[in-house]
Amino acid sequence: GTPSSSPATPSSTPTTSPTPSPDPTTPGSTPTTPAGGGEFDGAGCDVSGDGPGSDSRLPDPFLGLNGTRIDQKSDWRCRRAEIKKLAENTIYGAKPGKPERVTGTVTSSNITVNVSHQGRSSSFSASVQTPGGTGPFPAVIVYGGFGADTSTITGQGVAVISYDPTKVGAEGTSRGNKQGAFYGIYGANSSTGLLAAWGWGASRIIDVVEAAGGAVLRTDSFGVTGCSRYGKGAFVAGAFDQRIDLTMPIESGGGGSPILRGLASEAGAQSPSSSYGEQPWLGDAFAGYQNNTSGLPVDTHSVIGMIAPRGLFIMENPHVDWLGARSGANAALAGREIYAALGVQPNISYISNVSDGTHCATRSEWRTPLQQNLQAFLKGSGSAPGVFQVSSSKPGNLSQWRTWTTPSLS
Ligand code: MCU
């Protein structure tokens, strides 16, 4: 493997400076996205309008805020921007874009992130584990310290960035006194919930890796994963940063990928009000929806659509009722319709028919599709597996949850 005793030279290039041209002699070097520029491509879209009224079933993800259904694949860019707005306003709180200044260093063992914005500054770091072989390597940002199969990730030639999101948004605080690197910038009484704050931190890690120019880690190839509360975080990170090529939430439960409308009635599952109250994971605005999910103008199937057409591999555990795997299956089934309409159905995979009921276990059923997803989306090799294996104990039933049909977009 790569000796961790010979770290690459740290760089501390401000990401606000122009990205240097890639060195064509570096293996694996590809043109870099301008720093931060690829986080969200819908900034120029008209997102005026409030969205649909109350509906106990899943809102039509193809219905624009102007009241017209989209009919072209290229319309998805601005539809994503609409969903982003609605999801921020009602579920997660606002995820701000790139701050005025982001600097940091990348070595084969560590990443530092320094942020300043409107006179406030904060910092955090993450550790790096490189795989064997010669870099620069693609990297998966792994939230937290459990549940993700990191040896399979490094075994595919992909680095692991171990990210402790609680440094960016701490658990255990009141909503009026939120703490961590995000809230040091945006204020302890920011209405943004932890999941969006954590995603902001992941985006800032990507800013620093981009600016470092590809000596250790590739600037254009990122995944994200995590289990349980960190699965919720991984899901939101992937939805809100288009530089993330592969999103892999594991057993994310309430506030993660499962449809919020379903969780409100799924037997034994963590309810939306419990997800709102347990920690400030969701935005403060969700207070008004925690007992009224029908009032949400979006649900997590549309958040899945924010990830489309990029890679998504949702892993769930049907044995623990609290995790809401039936609502998870319904989210995946409805979200898959968006992937299908965009002509990229194999880019979403879902597996919940797993045998071990232990929460956040490492599972053999996920290993091969994990390898295939890493190869396809982070290494440009092979093709997306497009596996869809729903447990018989927690099946979904899409027809129960929608009245809309799936358009064939041109
Ligand atoms: C599934 O994620 C959470 C769940 O939402 C919580 O209710 C529970 O307390 O903790 C889970 C978790 O993060 O476990 C590690």
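Ligands are counted one by one from 1 in listed order, and the atoms in each one are counted from 1 as well.
Each of Y92, F40, F235 was checked for a ring pair (Phe, Tyr, Trp, His ring centres under 6.0 Å) with F240, and the lone residue meeting it is Y92.
Looking at residues two or more places apart in sequence or on another chain, you find a salt bridge (Lys or Arg N to Asp or Glu O under 4.0 Å) between D321 and K394.
Using a 30° and 60° split on the angle between ring planes, Y276 and F286 fall in the tilted class, from 30° to 60°. By the 30° and 60° cut-offs, the orientation of the rings of Y163 relative to F124 is tilted.
Residues with a heavy atom under 4.0 Å from ligand 1: F146, S228, R229, K232, E251, S252, Q270, E278, W281, W322, L323, H359.
Aromatic ring centres of F182 and W198 lie farther apart than the 6.0 Å criterion allows.
Using modelled atom types and a 3.5 Å distance limit, the side chains of E171 and T166 yield no donor-acceptor pair.
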